[in-house]
Structure formats: structure tokens, C-alpha cells
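In this chain, numbering begins with 1 at the start of the sequence shown.
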Amino acid sequence: MKKLTILLITTILTAGWVNAQTKITGTVKDNRGHIIIGASIAVKGSYDGGVSDSTGHFSFKTSEKGDQIIVASNIGYKSVEQTVSLDQPIIELSFGLKEEVSELKAVTVTAGSFEAGDKKRAATVLSSLDIVTTGGANADISAVVKTLPGAQQIGEQEGLFVRGGAGYETKQFIDGTLVNNPYFSSVPDLAQRGRFSPFLFKGTIFSTGGYSALYGQALSSALILESVDVPERSEANASISPIFLGAGLQEVAKDKKSSWGFKYDYTNLTAYFGLIKQTPDYFKVPEYHAADGNFRFKTKKGGIIKYYTTFAHNELGLRRPNIDDPTLKNAFALKNTNWYNNFSYRENIGNGWKMNLGLSYSTDHNILSQQIQNQSNTPVTTGLLWIDSTNFNATSRSELSQIKAVFDKRLSGISVIRFGGEYMYSYNRSVYNTYHPLLTDNFKALFSEADLYITNDLAAKIGARFEQSSLINKANFAPRISFAYKIGSGQMSIAYGEFYQKPENTYLYVTTNFGYTKATHYIINYIKTTPLQTFRIEAFYKKYDDLVKTFPYYNNDGSGYAKGIELYWRDKKTIQNLDYWISYSYLDTKRDYLNYPQQMQPNFAADHTASLVVKRFVTSINTGFNFTYSYATGRQYYNLVQNGIQYKIADQGKTIDYNSLGFSMNYLASLGKAYAVVVASMTNVLNSNQVFGYNYSHDGTRKESITTAAPRFIFIGLFLSWGVDRRQDAINNNL
């Protein structure tokens, strides 16, 4: 009887408790109306709750009473709370969760930009090891960038010619500041390589258009380089080859918060030219001295200070037959001295603010001469103006000082606003025979830009730039805007921007009565990236306004356009132990500038350009094999002669198609306590005939092709390091 009483009381109490419960039911969706599976819904401060099912519905019971807070949450979304009164047996709720924007999941704006480096969200396209292991590139950054879509295969002059733009329309920046002379000094009809080693940089952005408002004075493209921070450990290195000798030291403090280093390289091509015949007759074989130094240290607030300096001197002299009279010679001589300095300071200044300060100074001095000589290499005068006028003695001195400050602050989520300004003072003095022009410019710029992450699937970059030049006494305002939207496992980006550039000094020496040249960019692309594969397709249209015209007088009446489509595919996955990329560019461009009588396809633009880069590392023999094949259709050439008040086309055509197969191999070994890499490389392995254009005699009766100085360039060298084993990096980069 006692047990029956207890059971009856328990049943009554349980029934009362069940009847006192409230059932909470409903759905969970995101802000676009899509159901969310696995979201957690709970009464705040209690253990009562449930989880949304495959249809987004949830249901659970609670014994809590009165006003309570119901919380819905899910990973990747912002939690949402609702206050409800639990005074009914069934309560229905509906939750809409906003996706939380995260740095790892958020879409990134990629229109017009190839990024590489150690940034977590960068689409890795080119690393430092990519550059030094690309077949036939000989560790020249620009040579490797030419294998990416958008860049032309130009062999007769230095520079990056991008999307219908001339070489001077692409600028290079190191740690935010402009590099005034990124290439060794020009030699007629021979391209020069870049001054900087790829191992100086941890990050590379090659922007083929639509680049950030933080940068300016580049009509077509920007190559943005970020230098390395404090290295992991100390290292000594040496390099030996028949062409050059080099040695360097990098010392890292025990606490790994600071480092300093220096390096010296000497290059002399006497032995090489003795083995490999050159088309020009070198009376002064190219000789180069280069030294650089650096220090870096981390600040207490997590910032870093970096300083880099390099000094270089080179000389050369060469003779070629005179095109107007083959019995005569043009003897060209060059001496160049260059000093470059870069100081950067990156710091957290509190309350979510960051500062990036950049200072740079460079000076470049050239001594140039050309003489008309006879077969005995003796200077002569012919009495013919069109021949004798090519004699000259010239010196030039170019200096650029720059200070740039950028401040940025993180807004809600990962959105960032940044703004700043820069000041550049340039000094350019030239002496050409008896002509002594001088150009100085006080150039100021203000800029602002915001990276706005609306959701993980939608982002925008909105910015503007204001510039003013005292030299031409003109100002400009350049708006720029880009959007990116995630589509499945890929993303689409669009970009619009206006870009301005001062005319080149060559024209400003004649008159400063110019305005800015202008290009307006429209870009759309789609990119899909995984850790081992990248696919990219991009279309663009670029409108040129106010280009420089030199005839019948100097003005800004030039115009033009460039449009095209580009493809890029990189794959480290499909074929085991093989890394390759393929790029293709189609370009349709015309411009009316300089002495062109009408809009014409410029002589540096090819309709179709393609590259295939293949890398294979064979671990059993510790050797990497690298091949690069580049192709471009023939380029237009013209012989323009003056006809009264305009120029006419006396001759025109297209060069033969460009073909080049480059090869390199890297053998990893040890020599005593040193880690060693033996490098061998060759350009134009198949000995393809390469013609970049034509030079014409004064009367147009003679036409000579512009070709390379030698059919191939061959290199072999030994690189040694003590303290840092770079061999494993080379292996990992190619597997």
C-alpha cells in the first residue's frame, strides 16, 4: 500500500512537470533565405535546447518560465538572440543568421592582379624559388613575369610591356615606394635585366591593370614587391661561375628580433664572350660591380623596421655597322653608377590602427657616347648630316627622393579603411652635346581606399587618388573600384579605374607644356584556386586618352585602346611530381601617338602570346629539370618618313613569329659543411630565329633586322650556403 501511494504521488508530480513544459519550435535560415543545418538553439543560461535538422527545423521542450532569451548560433555565423515569454504550451520562432566574415573564408578582389608570397589569403602564383627555377629566365624577375598572361615577349629593350602598354607604362615598387631605375641602363636594341635578386622579396603582386589607389603614375601595370623580414637563421653564401663571383653574409641575433647583412658580386663577360661569339663587336666587355647591405629589427609593439641599400657600377662598349654606310661603324659606350636606398617602418599604433612609413632615395648617373668610326676604328666625319648627327656625348643624372605614409584601421569584421599621402622630389639633368636641359618636380599625392567585406561571398575595394605635379603644373583625380563575388568554389571579380602618368622626360626636355596621359581600365575575371591548382580567365578593355604626340608639334592629342582575353592554368596535382603552368593572351590594340599618322597597332604588341612552364624534380638524383616554351605571333613594324606636315608609312609588315625554349637544371649537393646547388641554364635551346623589328637607313633603301646579340645564352654556376639549407625548399617547391 505504501509503494502504491509513492507511485501515485510520483505520477501526479511528473504529469504536472510535463504539463508545465513549453515546446519551442521553428526554423533557422541565413540572411539570403537558405536553410542552415546543425545550428544550435538554446534557452540562454539553461541546458535546454536543440539542433536544426536537414530542413532547417528545430524543436525542443523547456521547463523555464517567464521572459527568457533564446539564442541561435552556428559556426561561421553571428549569433542571434530573441526575447520571448514562455507562457504558452507551444512557441514558434524564426531565426535569420548573418554570415560572419572571416579572413580565411572571405572572397578577395583579384581583377587584374596576380599575387604571390606568404600572405595567408594570397593566391600563390610566383614564389622566389619559382623565379630562380624557371627555365631560361636566369633568375630575372621580369623574365619570369613575362610567362604570365598580359605580358609581351619583348627582346630588344628592357621593361614589362603589358596589355598594349609601352615598357615605361609599368612601374615597380619596393615596400610601397617607387623604384626609379629598376633595370640596368639601356643599350640600343639589347634588353637589360633587372637590378634586384628575387630572394630579396617575400611577396609579389603583378597587377596587369586595376591596381590599388595606393600606387600611381603607371598607366598600364604595377609590379609590387615586398621585402623579406628578419630571417630565421644566420647564413653565409658564395657564388662561383665563369661569368661572376659573389659572397655574402646574413647575421641574425640570438633572440631572432634583428638581423644585418651584406653582399658583393662581380661580373665580367670576357671569358664568356671568348667562347660564345657575339654579333656586336665589344671593345669594352660588360663589367659589373654590385654591393648591397641591409638591417632589420622588430619593435616591441610587433612592428618592423627595414633598411636596404645597393650600389652598382657597370661599363660596356660595342661597335655595329652603320646602317647608312656599312663601311663605317657606330661605336657606343656606356658607364653607369646607381645607388638605391629603401627604408620602411611598419607599426601597430594602438586602437586598431596601423602605420606603414616608407622612405627611399636613388641616384642614377650615366655617361654615354657614340662615334662614327672607320674600319680602323678611328673617328671620322662624313659631311652627311644624317650620319654625322648620330655622333654624341651625353651625361645624365637622375635622382628621386620619396616619403610615403599609409594608415589603416580595421572596421567591423575584417573590413579595413586606409588612407595616406606621398611626396616625391625628382631631379633630372641631361647634357647632350651642347644641350643642357634640367627637370625638377615636386610631386604630391593623397589617396584613400577601403576593403569592404559585406559577406564571405561579396567584397568590394573602393578608392581614389589625387595627384599634383609642379613640373607640368597639373593635377588629376583617379577613382578606382572593384568587386568580388563567390560563385560555387570559384569567384568572379570586376574592376574599373582611371590611371594617369606624366609624359616621359624625353618629351618633357623639349617642353613641359603637357598634361597627364590617361588610361581607363575595365576588367572582369573568374578564378578558381585550390592549394595545388589555379584556373583564371580574364577579359579587359583599356581606353587611352591624352597620349603624347610629337608631330607636327608636341601635344596631348594622342589616343588609343587595348582589349583582349587571357587564360592561366597552374597544376601541381594531376601529374605526380610535376609542376606546370600555361598562359595565353589575346590582344587587340591600336594607338595614335608620337609620330603615328593614325591609330595603328604599336610595334611592341603581338596579337597572340602563350607560355608553357614545366618543372620536374627527380628526388633519386637530387636534380630539378625546368623548361619554358614561349610563343608570340609576329609584331608590326613600320618605316615612318616625314611627308610635309605629317608622317607616312613608307614600309610596313610583320616580323616572323617568336619562338623560344628555355632550359635549366638544379643539382643539389653538399661540399664539406656547405649546402650546394649547381645550376645550368640555356636560352633559345632550339636556336630559333628571333626578329624583334627592323632598323632603316636614312633613305629607306636598307633594312636590317633587330635580333639578339647571340642565338643563345648559356650559364653554369655553383651556389654555396652555410647555415641555411635551401635544398629542401627547392625540393618542396617542385613536388
Side-chain angles (χ1 to χ4, degrees), residues 110-114 145-157 159-170 206-211 218-222 492-499 501 517-527 536-549 557-569 582-611 630-638 640 649 652-659 691-693:
T110 61
S113 178
F114 282 95
V145 169
K146 287 180 183 179
T147 69
L148 298 178
Q152 296 283 304
Q153 296 293 338
I154 306 297
E156 74 276 24
Q157 55 183 303
L160 287 170
F161 294 71
V162 179
R163 291 183 173 175
Y168 56 79
E169 294 176 19
T170 296
F206 173 49
S207 174
T208 51
Y211 58 87
L219 210 59
S220 292
S221 174
M492 180 170 285
S493 297
I494 59 173
Y496 161 84
E498 294 181 359
F499 301 84
Q501 186 173 343
T517 57
K518 178 184 177 183
T520 306
H521 297 198
Y522 304 87
I523 303 168
I524 182 170
N525 82 358
Y526 173 81
I527 183 170
R536 177 190 183 97
I537 182 170
E538 183 160 300
F540 68 91
Y541 176 78
K542 182 163 54 173
K543 183 176 183 293
Y544 289 102
D545 293 295
D546 305 323
L547 296 179
V548 170
K549 292 283 291 183
D557 292 345
S559 62
Y561 72 88
K563 59 185 177 181
I565 189 168
E566 300 164 356
L567 296 169
Y568 177 82
W569 168 250
I582 300 170
S583 68
Y584 166 76
S585 302
Y586 166 71
L587 174 65
D588 173 14
T589 182
K590 289 184 179 180
R591 56 168 58 189
D592 177 12
Y593 82 137
L594 303 183
N595 62 346
Y596 280 24
Q598 61 203 35
Q599 279 201 0
M600 304 188 300
Q601 183 171 339
N603 58 8
F604 49 75
D607 295 335
H608 304 275
T609 306
S611 290
S630 296
Y631 168 81
T633 52
R635 290 154 44 192
Q636 290 281 353
Y637 65 85
Y638 308 99
L640 299 176
I649 303 173
Q652 65 177 316
K654 277 196 173 185
T655 64
I656 60 174
D657 291 354
Y658 174 86
N659 290 274
V691 177
F692 303 114

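Using a cutoff of 4.0 Å between basic side-chain nitrogens and carboxylate oxygens, Arg635 and Asp607 are not scored as salt-bridged.
The shortest non-hydrogen separation linking Lys549 to Tyr593 is CD-CA, 3.6 Å. Scanning all heavy atoms of the two residues, the minimum distance from Asp657 to Tyr631 falls at OD2-OH, 2.8 Å. Arg591 and Tyr596 get closest at one heavy-atom pair: O-CD2, 3.2 Å. Thr208 approaches Pro149 most closely through the heavy-atom pair CG2-O, 3.7 Å. Between Thr517 and Asp546, the shortest heavy-atom distance links the atoms CG2-O, 3.1 Å. Pairing each heavy atom of Phe692 with each of Thr655, the nearest pair is C-CG2, 4.1 Å.
The side chain to side chain donor-acceptor pair (under 3.5 Å) test with Arg163 singles out one residue from Glu566, Glu169, Gln152, and that residue is Glu566. Residue Leu547 is tested with Asp592, Leu594, Asp557, Leu219 for a side-chain contact (heavy atoms from CB on, under 4.5 Å); the sole match is Leu219.
Checked by atom type and distance alone, the side chain of Ser559 never pairs as donor or acceptor with a backbone atom of Tyr544 at under 3.5 Å. Not a single donor-acceptor pair under 3.5 Å links the side chain of Thr170 to the backbone N or O of Ala222. Proximity of a side-chain donor or acceptor of Ser585 to a complementary backbone N or O of Gly150 within less than 3.5 Å is detected. Between the side chain of Lys146 and the backbone N or O of Ile154, at least one donor-acceptor pair lies under 3.5 Å.
Residue Thr633 holds its OG1 atom at 10.0 Å from OH of Tyr586, rounded to the nearest 0.5 Å. For the atom pair OG1 of Thr147 and CD1 of Ile582, the computed distance is 12.0 Å after rounding to the nearest 0.5 Å. Atom OG of Ser221 is separated from atom CZ of Phe206 by 4.5 Å, given to the nearest 0.5 angstrom. Distance OH/Tyr522 to NZ/Lys542: 13.5 Å, rounded to 0.5 Å. Taking CD1 of Ile649 as the reference point, atom CG of Leu640 lies at 6.0 Å (rounded to 0.5 Å).
In summary, the aromatic rings of Phe499 and His521 are positioned with their centroids under 6.0 Å apart.
Geometrically, Arg536 does not engage Tyr568 in a cation-pi contact, judged by NZ or CZ lying under 6.0 Å from the ring centre and within 45° of the ring axis.
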